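Since this is a predicted model, take the numbers as computed values, not measurements. Proteins get letters first, then strands, A, B, ... in listed order; numbering begins at 1 in each.
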Amino acid sequence: MGAKSFLVSATIFYLLLFGCFATAATPSGKRILGRTPCKRLVFYFHDIIYNGHNSRNATAAIIGAPAWGNRTILGGQNHFGDLVVFDDPITLDNNLHSTPVGRAQGFYIYDKKDIFTAWLGFSFVLNSTEHKGSINFAGADPLMNKTRDISVIGGTGDFFMTRGVATLETDSFEGEVYFRLRVDIKLYECW
Amino acid sequence: MGAKSFLVSATIFYLLLFGCFATAATPSGKRILGRTPCKRLVFYFHDIIYNGHNSRNATAAIIGAPAWGNRTILGGQNHFGDLVVFDDPITLDNNLHSTPVGRAQGFYIYDKKDIFTAWLGFSFVLNSTEHKGSINFAGADPLMNKTRDISVIGGTGDFFMTRGVATLETDSFEGEVYFRLRVDIKLYECW
Amino acid sequence: MGAKSFLVSATIFYLLLFGCFATAATPSGKRILGRTPCKRLVFYFHDIIYNGHNSRNATAAIIGAPAWGNRTILGGQNHFGDLVVFDDPITLDNNLHSTPVGRAQGFYIYDKKDIFTAWLGFSFVLNSTEHKGSINFAGADPLMNKTRDISVIGGTGDFFMTRGVATLETDSFEGEVYFRLRVDIKLYECW
């Protein structure tokens, strides 16, 4: 065993160690992970809110409203207080009539009087040849902003234990009945 | 220091390093952790929905419904749009009358017209000699499936910072008033 | 290469490795991280519930209630079943009139008949010179306890991918209209 080959080994060890340190958690829990997603997925989902006349096509309905509101039409004051439950088709492109790859299921609540903004809790339940499993989301959606970031808080199946950030963008809307959202899902924890 | 003993040391280092790499995060955030839970717990919880006649025993109530629904009886179209809040006893076995070890508190929303499926947000608040603390859950519950996976999104007390997957199973039900769920909690992040 | 210098190197390697092992995930997913927060923040938020007479000042409103309740006044049985949506100012001190550093947006549901307790899902949307981004929370709030722990389930912007525990404390209240909560946010995962 010569000094030279030992140095080579030592260098390799050092690099390995450095790699380990650079990515693992430190005792304070602070992790210095890169911000490159380990998985990235883009989907669209399509929300058709019941308005009293579209029960055949509707994928969402108002189920809570403040004392001054009602559950057939989204209310005044930027819909403040309206709680909407949804079961929306998810597609790979922006066409409502494309074959769905899953369903977006959950709720949103308009939570501000002065401006449109909502709080979201929902899941993507994916069931296609490419993906089987669920991704769970939660966060604030200040929907007048072009893009809004919410949290990916967990997942199951193909998305076992995942975490990340999802960027929402209103891709299109028609009146207050149809909304199409583009979701750019960036996963930073993949198991 | 002979070459042989160095090789032995090198091998040990290599194994240690490999172990480290195999479990720590890589720069992209991708973690290659095993899928063996660090903690596993099985509980039952018991949901008795208010139906207008059982206010003494009820542990859950409908508090939101679509324009065509009401809040006394679960509605048509697979209860689509019904929001139920609950505070249910948790037991170690499937007997409603066993001593509770805590309370399951939160809500579910039936979110689909064509089939029974719901979105859940709730906590287990455990308070027994064995466990003190809370476990928080969120996810889609396609309740016609024999088992359904949701996310464990966090915890406090004995379950500080935990994450995992919980498998729900409808253990029993009576009409549309009593539901008993078996929950198999598999924690993969334990602190 | 002498045996002595090898031993020194080996000791350094060992320490590095030990450090790595002490903080990284083990194959079972069990992490042995310290319980010292990587970031700690204290805020106050101010909830003014609509009561039929204060629509100008109200920051929260009842939007769901059980069959026996209404949406103007918090109901009997410890408000069981009342769902409240809020968009509350966040301040650095306990003064409602201090300049807000952001908004607390989300909902709570009173979920128990026998005692005051609620389930919370909400976000801090911070927008000040010091912090830009959101922190997402979920958990049970047994609000008769002096302090209550809920989970930080994710974040965006300055709080990208964060996790932790937040300790809530009712700092003050006036009747059933004004509540001020102190939130001590302890983040244990910082990216």
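Interatomic distance, B/Ile115 CD1 to A/Arg103 CZ, rounded to the nearest 0.5 Å: 11.0 Å.
Residues passing the side chain to side chain donor-acceptor pair (under 3.5 Å) test with A/Asp111, sequence neighbours excluded: none.
Contacts from residues 80-89 of chain B to chain A, taken as heavy-atom pairs separated by less than 4.5 Å, involve B/Phe80, B/Gly81, B/Leu83 in sequence order. Inspection of non-hydrogen atoms places no residue of residues 172-180 of chain A under 4.5 Å from chain B. Contact annotation for residues 48-73 of chain B against chain A (heavy-atom separation below 4.5 Å, listed by residue number): B/Gly64, B/Ala65, B/Pro66, B/Ala67, B/Trp68.
Between B/Ala140 and A/Ser123, the shortest heavy-atom distance links the atoms N-OG, 3.3 Å. The two atoms that bring A/Thr162 and B/Arg163 nearest to each other are O-NH2, 3.1 Å, heavy atoms only. Contact record, B/Ala138 with A/Asn136: O-ND2, 3.5 Å, taken as the closest heavy-atom pair.
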Checklist entry - Taking it one step at a time, do A/Met161 and B/Glu189 satisfy side-chain contact (heavy atoms from CB on, under 4.5 Å)? => result CA-CA 9 Å; A/Met161 287 289 288; B/Glu189 285 199 36; 4.0 Å; yes
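When B/Gly139, B/Gly154, B/Gly121, B/Pro142 are compared by the number of non-hydrogen pairs under 4.5 Å with chain A, B/Gly139 comes out ahead.
Looking at B/Phe107, the atoms closer than 4.5 Å to chain A (heavy atoms on both sides) all sit in the side chain, from C-beta outward.
Between the A/Thr156 side chain and the B/Ile150 main chain, no donor and acceptor come within less than 3.5 Å of each other.
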